[in-house]
Amino acid sequence: MVDERDPEETVQAATATPRTDPIEWLEPVYREHSRAVIQAAYRVTGNAEDAEDVLQTVFTRLARRSVPPDFSGGALPYLRRAAVNAALDLVQSKRARTSVPFDDATEAVTGDPAPPPDRLQHGRELHDKLREVVAGLSRRSAEIFTLRYIEGLDNQAVAAALGTSPGTVAVTLHRVRERLKTEMAPFLGGIR
Amino acid sequence: MTDPDRPTDALDRLTAEIRDQRLDDAAVAAATGRVWARLEAEHRAHAPLRSCADVQRLLPAYAAGKLDEARALLVGDHTRNCVPCRRALLELKAGASTRVTQPDSRSVRRAPAWLKAAAAVLLLAGGSAVVYDTVADRLAEARLTAAVASADGSLQLVDDNATTVLADGATVGARQRLRTGKDTGAMLRLADGSTVEMAPRSELSLGASRSGTTIALARGNVIVHAADQGRDRLRGHRGLPGGGQGHHLRRQPRPQGLAGVGDRGRGRGPLRRHREPARTRRPGHHRPPPARGGGRRRDRLEPSTPTSTSPCCASSPGSTTTSPRPWTSRCPAPRPGSSTWRPPTPWSTSPSPTSPTASRRPARSSRAAWRTARACASGGRRDGRPWGRHRDRGQPRPSPAARRRHRRRGRGRRARRRRQGTARR
């Protein structure tokens, strides 16, 4: 029998009454939003294995909570933000170790259909460079930039997710873009 | 139009490319499945220990040393404080040790042959004694017969299926229940000459064994006049249960083998003991009826001494008086003044207080019976105790010194009131 309720309502109903066993209330949340979480993690990390690690980190932190978090505003924004933060943590830690992630998920990338190999390699390098520069930002700035330009949320949604005003989000985005343009100029052609 | 060579347009293009990156569904499904499996495993391994059942589930891994350090600390601390979990852990370890060290069959010590033979002889002797006792008891029961000497009214032989009215001369065997009606008295005569007089509303059955005859009184009262059994039976009665070596039998030249069993649970009077404990012997006072709920009691009866279960018809030493209907004649139920009342005839040889010689005090040896008879004759209380101020209150009678002191104080009070002019009228 098909459950015709909205998945978000199902998750809220599952988390409305805290149960003694966290795995019980966590299971419907995982079933509904694990795909969105791992895709967001993959966009930030650019690595399938790292995305899987991020997915496990997010839900392990949830399972260790004595009470379920407040999903009144929806589980997906909460989980997306948690995934972005966990992914940024992972990328920052790798950047601190000066290690270069090897993107072996070429076959999994479905962005540009059949780009030229040189262009594809150049694009990967640019993507990795952009991720590295974003990871070098402050946590707040990196989070706002990722939610706005990587996850595609508008300023209102980002402000609501972070609990701040849209003007603050806009100002932060402007400063981040200026910094990124400066740092990415050698790779994007034309040095100002 | 966006120019890819412009940094702003290139940044937007890069972010758009990253935003469009997707993992394929197969990779996502595999990754989410693996992550969920790891989550469940981690949850099981690090589940909070909320009860002893959670701890006892980890005991095998704890005993095997497979738990991580944190979990082992938790489990070890709990087993030191919780007795059931510690016992479970010890049993687990003991089971493991017994599995490791199997006993060697060659090390089992075998009993010597002479010990086995001695045990067999003892078992054979014990079995023979049991068989002999059983057969002897059965033969004694088969020999037991009693005849209805007289029945004033309806004497019934009660069976599980029917009730039969017995007439004079009817024969009764062992383990047969006899019951008297409301106004019925009956006398049974046993084969050895002993007589059992049944009061109205009484029920008994006779039993026999190699140690003697037994009267099992279910309810009511009986008067038993035991016959002389002969000297030969004396040896057979030694060591009876409840009689010890028969110390009270030795004082009698020819004790008999009739024993009565009274039911104390009905609240009626049991068979009187021939000898009361010293602390309960109080001359002139009736012994109070036993408390309810007592167990069965077995008393040895004396020959030539009627023994009754009724407190109003207590036995008195030296009496040999019997009559065909002693129950109604010796213990009259009607009160003084009624048309059917008759002066009591106590078993004591002392005169009755209602007789013309009532002013004479009875002999000290029969004073208790005399007071009992007086209580019965004067319509005493139901339990046979005489009416009286202290008796009614359940208090002991004051000593003579206390009574003299009470009178002296009364005289003093009256003299004081006379002097003060406040004498009561």
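This structure is a prediction, so every number in the text was calculated from the model and none was measured. Convention: sequence-line order gives letters A, B, ...; per-chain numbering from 1. These values consider heavy atoms only, across backbone and side chains, with no hydrogens, waters or symmetry-generated copies.
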Can you check side chain to side chain contact (heavy atoms under 4.5 Å, CB included) on Val35(B) and Thr60(A), steps first, answer last? CA-CA 9 Å; Val35(B) 169; Thr60(A) 299; over 6 Å; no
Working for side chain to side chain contact (heavy atoms under 4.5 Å, CB included), residues Thr15(B) and Phe145(A): CA-CA 10 Å; Thr15(B) 56; Phe145(A) 178 83; 3.7 Å; yes
Could you tell me if the side chain of Asp12(B) sits less than 4.5 Å from the side chain of Arg177(A), heavy atoms only?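 Yes; the side chains approach each other to less than 4.5 Å.
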Spacing of CH2 belonging to Trp36(B) relative to CG belonging to Leu26(A), to within rounding of 0.5 Å: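 Spacing of CH2 (Trp36(B)) from CG (Leu26(A)) equals 5.0 Å.
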Approximate separation, where rounding is to 0.5 Å, of Leu130(A) CG and Glu17(B) CD: 10.0 Å
Tell me whether the count of non-hydrogen atoms from other residues, nucleotides or ligands lying under 6.0 Å of [atom1] in [X] goes above 12.
X         : atom1 : answer
Arg138(B) : CZ    : no
Arg175(A) : CZ    : no
Arg86(B)  : CZ    : yes

Looking at every heavy atom in both Arg35(A) and Ala29(B), which two are closest together, and how far apart are they?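 So the minimum-distance heavy-atom pair works out to NH2-CB, 4.1 Å.
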Less than 4.5 Å to any heavy atom of chain B: does that hold for the side chain of Ile150(A), its backbone, both, or neither?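 When you check distances to chain B, atoms from both the backbone and side chain of Ile150(A) fall under 4.5 Å.
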Determine the option with the most heavy-atom pairs under 4.5 angstrom with chain B, choosing from Arg64(A), Glu27(A), Glu151(A).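 Going by pairs under 4.5 Å, I would pick Glu27(A).
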Pick one: which of His127(A), Arg43(A), Gln39(A) meets side-chain hydrogen bond (donor to acceptor under 3.5 Å, both in side chains) with Gln21(B)? His127(A)
I'd like to know whether Leu11(B) forms a side chain to side chain contact (heavy atoms under 4.5 Å, CB included) with Tyr149(A), so could you lay out the CA-CA distance, the side-chain angles of the two residues, the decisive distance to 0.1 Å, and finally the verdict. CA-CA 10 Å; Leu11(B) 185 63; Tyr149(A) 291 103; over 6 Å; no
When Asp25(B), Val28(B), Ile18(B), Leu39(B) are compared by non-hydrogen pairs under 4.5 Å with chain A, the top option: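 With the most close heavy-atom pairs to chain A, the winner is Ile18(B).
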